[in-house]
Amino acid sequence: MKKIVIINGHPNKDSFNFGIAEAYKEGALNVGAEVKEITIAELNFDPILHFGYQKRMELEPDLLKAWEMIQWADHLVWIHPVWWGGLPALMKGFLDRLFLPGFVYQYREDSVWWDKLLKGKTAHIITTLDQPGWYYWLFYGKPSVNQLKKSTLEFCGVKPVKVTYIGIVRNSTEGQRAQWLQKVKELGRRLK
């Protein structure tokens with residue numbers, strides 16, 4: 001049985017991203033997966049890494065619980081909007097505070113290399129846009145995907161990391177949104 005954690009990075013509970021998370025969850029549960037959810041907007045934590053990596057900040061109970069879920073999971077599903085080409089600030093703060101040396105990676109002494117401590121996990125990024133996915137990729141170089149997929153998840157050993165773009169959300173009709181939700185539900189059924 002596949003163990004999945006859905007990580008929702010949208011700060012607004014009325015957003016379409018919450019419908020996407022629910023659709024993925026429904027699809028995964030329909031095929032017998034175990035599903036847990038991390039809704040970053042509901043966590044109580046300071047998103048600022050005040051000392052950089054010079055001094056470790058104590059993790060709040062909500063971050064410790066989120067870390068336990070990430071450790072438990074086989075597959076991580078990241079759902080977020082693209083804002084100004086990147087991740088929402090709260091989601092970035094979640095990553096800054098939780099994806100720490102000794103947790104998700106560890107530099108080797110006297111070496112440029114590091115150990116990837118999340119090996120064996122897979123991921124899927126589902127991101128909403130106010131432009132077509134191909135445009136975001138071609139003209140902007142998909143910076144949020146590069147940051148989350150390459151510079152974070154793959155850096156820590158998570159592979160493969162699949163990506164699904166959903167957009168143009170801003171001008172979408174109810175019919176388009178229903179189609180996107182059905183597509184996401186199918187991704188959940190296929191455990192991708």
Side-chain angles (χ1 to χ4, degrees), residues 2-13 15 17-18 20-21 24-25 33-128 141-164 192:
K2 196 143 192 175
K3 297 183 288 189
I4 298 171
V5 169
I6 299 170
I7 304 160
N8 189 336
H10 201 298
N12 180 359
K13 295 177 187 174
S15 76
N17 282 232
F18 278 78
I20 291 169
Y24 190 97
K25 178 181 175 181
E34 285 185 73
V35 180
K36 295 183 180 183
E37 295 178 87
I38 298 170
T39 303
I40 297 173
E42 294 177 354
L43 304 182
N44 184 14
F45 72 103
D46 181 351
I48 300 169
L49 194 60
H50 290 278
F51 309 105
Y53 294 108
Q54 296 172 342
K55 179 180 170 187
R56 176 77 47 102
M57 293 172 62
E58 291 298 317
L59 294 179
E60 294 88 346
D62 284 355
L63 287 182
L64 289 170
K65 185 176 178 184
W67 174 240
E68 288 172 5
M69 285 189 224
I70 289 169
Q71 287 180 297
W72 166 85
D74 303 315
H75 187 64
L76 307 171
V77 179
W78 296 83
I79 298 169
H80 69 87
V82 171
W83 289 347
W84 291 106
L87 306 172
L90 190 61
M91 185 172 171
K92 176 66 168 67
F94 175 81
L95 290 167
D96 286 349
R97 287 293 316 283
L98 195 56
F99 278 53
L100 298 168
F103 277 49
V104 296
Y105 70 93
Q106 185 64 54
Y107 286 119
R108 297 176 189 164
E109 196 171 327
D110 299 322
S111 176
V112 298
W113 303 109
W114 64 97
D115 294 317
K116 300 175 179 190
L117 304 180
L118 293 183
K119 278 186 177 177
K121 297 184 186 303
T122 60
H124 194 132
I125 299 167
I126 303 172
T127 187
T128 56
K142 58 185 178 18
S144 70
V145 171
N146 291 336
Q147 180 183 22
L148 185 55
K149 177 181 178 178
K150 296 187 177 298
S151 299
T152 305
L153 297 173
E154 289 179 354
F155 181 90
C156 299
V158 178
K159 272 192 174 181
V161 179
K162 298 181 189 252
V163 180
T164 298
K192 291 188 173 187

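- Heavy atoms only, all atoms of each residue included: Lys116 and Lys119 are closest at O-CG, 3.5 Å.
- Contact detail for Gln106 and Pro101: the closest heavy-atom pair is OE1-C, 4.0 Å.
- Residues Arg97 and Asp46 are not paired through a salt bridge, judged by the lack of any N-O separation under 4.0 Å between the basic side chain and the carboxylate.
- Under the 4.5 Å side-chain criterion, counting only non-hydrogen atoms from C-beta, Leu63 is not in contact with Met57.
- Under the 30°/60° scheme for interplanar angles, the aromatic rings of Phe103 and Trp67 are found to be tilted.
- With values rounded to the nearest 0.5 angstrom, Ile126 atom CD1 is found 12.0 Å from Lys162 atom NZ.
- Taken from CD1 in Ile6 to CD1 in Ile20, the straight-line distance is 11.5 Å, to the nearest 0.5 Å.
- Contact detail for Ser144 and His80: the closest heavy-atom pair is OG-CE1, 3.9 Å.
- Rounding to the nearest 0.5 angstrom, the gap separating the CD1 atom in Ile7 from the CD1 atom in Ile79 is 9.5 Å.
- Between Ile70 and Ile38, the closest side-chain pair of non-hydrogen atoms falls below 4.5 Å.
- No side-chain heavy atom of Val161 sits under 4.5 Å from any side-chain heavy atom of Trp78.
- Of the inter-residue distances, the one linking Ile125 atom CD1 with Leu76 atom CG reads 10.0 Å to the nearest 0.5 angstrom.
- Taking every heavy atom of both residues into account, Gln71 and Lys121 meet most closely at O-NZ, 3.0 Å.
- In this structure, Thr122 and His75 approach most closely via the heavy-atom pair OG1-ND1, 2.6 Å.
- Between the CG atom in Asp74 and the NZ atom in Lys3 there is a gap of 5.0 Å [rounded to 0.5 Å].
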Report the C-alpha separation of Thr164 and His124 in whole Å, then their side-chain angles, then the decisive distance to 0.1 Å, and conclude whether the side chain to side chain contact (heavy atoms under 4.5 Å, CB included) test is met.
CA-CA 8 Å; Thr164 298; His124 194 132; 2.6 Å; yes
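- Taking 4.5 Å as the limit, some side-chain heavy atom of Tyr24 sits within range of a side-chain heavy atom of Ile4.
- Counting only heavy atoms from C-beta outward, the side chains of Leu148 and Leu153 approach each other to under 4.5 Å.
- Listed here is the closest heavy atom pair of Pro143 and Gly85: CG-O, 3.1 Å.
- The aromatic rings of Phe155 and Trp114 sit parallel to each other, their planes meeting at less than 30°, with 60° as the upper class boundary.
- Around the NZ atom of Lys159, the shell of radius 6.0 Å holds no more than 12 heavy atoms that belong to other residues, nucleotides or ligands.
- Here the side chains of Leu59 and Leu100 are in contact, with some heavy-atom distance below 4.5 Å.
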With side chain to side chain contact (heavy atoms under 4.5 Å, CB included) as the test, would you mind laying out the steps for Leu90 and Phe45 before giving the verdict?
CA-CA 10 Å; Leu90 190 61; Phe45 72 103; 4.0 Å; yes
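- Residues Lys149 and Lys142 fail the side-chain proximity criterion, which asks for heavy atoms closer than 4.5 Å.
- Between Ile40 atom CD1 and His10 atom NE2 the span is 12.0 Å, to the nearest 0.5 Å.
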